[in-house]
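To start, the structure itself, in structure tokens.
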Amino acid sequence: MPPRAEPVSSFAIPDSVFDLARAHFAAAGRTLRNVRRDFHEWHLGRPHYALWAIDVDLPAVRRLTEQAAVLLDDVLLDDYRRQPHITLALCGFPTLQPTRPDDFGPAGLERQLDTLQRFAGAPFRMEIGGLASFTSAPFLSVRDVDGGIGRLRHALCGPRSEPGGPYTPHVTVGLYDGEWPTAPLLERLDAGTQKVVHCTVTKLSLMCYAASDIGGPLSTLGQFDLAEGRWEDLDSRIFPAPEASQTLPNFAATLKNTDQSVT
């Protein structure tokens, strides 16, 4: 992507985060190996993990992720089924009765919705395209054209810093299945698609996935409408009782594509 001349707001995510990600990936020398297993020591039997994200499961974005996955097929973990999305903030394990630090309860959601109603702002534009990579996963870069991503991120997370480096908006392509040398991978990433999808974000989604399934599909629990500042439950069982299990709703698209062509 060509560099943006000036940041559009104090919260805008700078394009320099992608340069930092590239430098870190190159310096690492090898990718991190992902494995398909239960990770019970993390979820401790809790069935789902929740996060705030922007749904970008659009045909044009899907084509870019599928093309990238084909390009990198020999180094990716099989059966990655997570729909294209941009993670904004991690929430935790939903439950009516939070007892652990990483549990996510009704009071936490109420605080987040109050903050979003006050600070989320209006719908905004963004651009998706250009292959890059973390050591654990390749991704499509996401440019924060209007500063809306940074504004939402600040509303949900405040000024806290990231433990692994600056927040980098991205659409994950897949997960590496081994410790692959990064230098030849950088050449392949640079040779990949540089097409860009232009989108307008109108809604923010509260999503979750099965905690025992690495790379498993996302489900949408609710949506926050940026134009109206209104929250809509899509599943009344967002917070199950500790002993309850649930069948989650299907993933629902929340974006509109403002440019039917991919440029």
Side-chain angles (χ1 to χ4, degrees), residues 31-58 61-62 64-70 72-105 108-109 133-140 142 163-164 168-180 204-223 233-255:
T31 62
L32 297 176
R33 177 173 176 261
N34 293 278
V35 295
R36 190 169 297 286
R37 64 180 182 86
D38 184 81
F39 296 99
H40 186 274
E41 70 279 9
W42 170 61
H43 63 71
L44 300 175
R46 294 168 291 182
H48 302 107
Y49 192 86
L51 64 150
W52 285 103
I54 300 170
D55 168 5
V56 289
D57 192 17
L58 298 166
V61 178
R62 213 176 301 128
L64 292 185
T65 58
E66 289 169 354
Q67 290 167 5
V70 169
L72 300 168
D73 178 67
D74 57 316
V75 296
L76 296 180
L77 193 68
D78 291 339
D79 201 28
Y80 182 84
R81 292 167 291 134
R82 197 151 293 171
Q83 302 92 329
H85 67 287
I86 302 164
T87 298
L88 285 170
L90 302 178
C91 297
F93 296 91
T95 178
L96 274 175
Q97 302 171 18
T99 58
R100 298 185 177 95
D102 54 356
D103 282 341
F104 178 58
L109 176 59
S133 189
F134 302 123
T135 53
S136 60
F139 63 85
L140 298 175
V142 179
T168 305
H170 65 280
V171 178
T172 300
V173 170
L175 304 171
Y176 291 120
D177 67 355
E179 297 180 4
W180 304 103
L204 178 62
S205 297
L206 180 65
M207 299 178 172
C208 71
Y209 57 85
S212 61
D213 185 5
I214 185 171
L218 292 162
S219 295
T220 300
L221 302 174
Q223 298 171 346
D233 284 341
L234 297 183
D235 191 326
S236 60
R237 301 160 297 175
I238 290 177
F239 299 106
E243 71 281 359
S245 62
Q246 61 177 335
T247 300
L248 294 170
N250 292 328
F251 186 91
T254 60
L255 276 179

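All figures in this text were calculated on a predicted structure; none of them were measured in a lab. Throughout, residue positions are numbered sequentially from 1 according to the sequence presented.
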Open item on the list: I need the minimum non-hydrogen distance between G105 and P98, along with the two atoms involved.
Closed with: CA-CG, 3.6 Å
TODO: State whether the side chain of H48 and the backbone N or O of I238 hold a donor-acceptor pair below 3.5 Å, judged by distance alone.
DONE: no
Open item on the list: When you compare the side chain of Y176 with that of P138, does any pair of heavy atoms fall below 4.5 Å?
Closed with: yes
Task: Any donor-acceptor N/O pair, N34 side chain to S136 backbone, under 3.5 Å - done: yes
Open item on the list: Parallel, tilted or perpendicular, judged at 30° and 60°: which one describes the rings of Y49 and W42?
Closed with: tilted
Open item on the list: Between R100 and T95, is there a side-chain heavy-atom distance shorter than 4.5 Å?
Closed with: no
TODO: Measure the CD1-NE2 distance between I86 and H170 for me, rounded to the nearest 0.5 Å.
DONE: 9.0 Å
- [ ] Would you check if the side chain of R82 reaches a backbone N or O of G216 as a donor-acceptor pair within less than 3.5 Å?
- [x] yes
- [ ] With the side chain counted from C-beta on, respond yes when T168 and F134 share a heavy-atom pair under 4.5 Å apart, and no when they do not.
- [x] yes
Task: Distance in Å, F39 CZ paired with L44 CG, rounded so as to fall on 0.5 Å steps - done: 13.5 Å
Open item on the list: Strictly below 4.0 Å, N to O, side chains only: are D78 and R36 in salt-bridge contact?
Closed with: no
Open item on the list: Is there a side chain to side chain contact (heavy atoms under 4.5 Å, CB included) between L206 and W52? Walk through the geometry before answering.
Closed with: CA-CA 5 Å; L206 180 65; W52 285 103; 3.9 Å; yes
Open item on the list: On a heavy-atom basis, which atom in G92 and which in P94 lie closest, and how many Å separate them?
Closed with: O-CD, 3.4 Å
Open item on the list: Looking at every heavy atom in both P84 and V61, which two are closest together, and how far apart are they?
Closed with: CB-CG1, 3.9 Å
TODO: Indicate yes or no: at least one non-hydrogen side-chain atom of Q97 is less than 4.5 angstrom from one of D103.
DONE: no
Task: Nearest heavy-atom neighbours spanning T172 and F139 - done: CA-CB, 4.1 Å
Open item on the list: With heavy-atom distances below 4.5 Å as the criterion, would you say the side chains of Q223 and D55 are in contact?
Closed with: no
Open item on the list: To the nearest 0.5 Å, what is the distance between CG on D57 and OG1 on T220?
Closed with: 9.5 Å
- [ ] Working to the nearest 0.5 Å, report the span between CE of M207 and SG of C91.
- [x] 11.5 Å
Task: Check: T31 side chain, G178 main-chain N or O, donor-acceptor pair, under 3.5 Å - done: yes
- [ ] Say whether, by atom type as modelled, one donor and one acceptor occur between the side chain of H85 and the main chain of Q83 under 3.5 angstrom.
- [x] yes
TODO: Calculate, to the nearest 0.5 Å, the distance between atoms CG and CZ belonging to D102 and F93 respectively.
DONE: 5.0 Å
Task: Side chain proximity check, I54 to V142, heavy atoms < 4.5 angstrom - done: no
Task: Side-chain heavy atoms of L218 within contact of L51, under 4.5 Å - done: yes
